[in-house]
Amino acid sequence: MQKRLMFIAGAGLGYVLGARAGQGRYQQIKSQADSVWNDPRVQEKVSLATEAVKEKAPVVQAKAQEAAAAAQAKAQDAAGAAQVKAQGAAAAAKAKVSGDHSGNQIGVESSSDVEPQTVKYESGR
């Protein structure tokens, strides 16, 4: 509570002092900023910076286009891989739901020409 009161008192004091300095101080700061901006030395540097940007713009544009094309290709590859993975998951889910368990035998590859063997386990009694 005390911190809140201190904040409110500080904000009020800042407002009162700022209002007293008010419009006159604002105009003074604004005129100083305008005089700096209109200084020929500053305008010369602004002009040089503008020319440098104009010269480099085509290079930057070309690099941005290359980066965008690379990002698009990478996104398409990722989308294709995700689609293949999703189709595989959908097929596995469909097989589980339909009760088709072919190809789910342990130790047998789906493309293998070896027939699965039935193994009988005996208890040790």
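Nothing here was measured: the structure is a model prediction, and the numbers come from that model.
Note that CG of Asp77 and CD of Gln72 are 10.5 Å apart. Values are rounded to the nearest 0.5 Å.
Here the shortest heavy-atom pairing between Val36 and Val42 reads O-CG2, 3.3 Å.
Sorted by first then second residue, the side chain to side chain donor-acceptor pair (under 3.5 Å) pairs that include residues 41-63, not counting sequence neighbours, are Asp39-Arg41.
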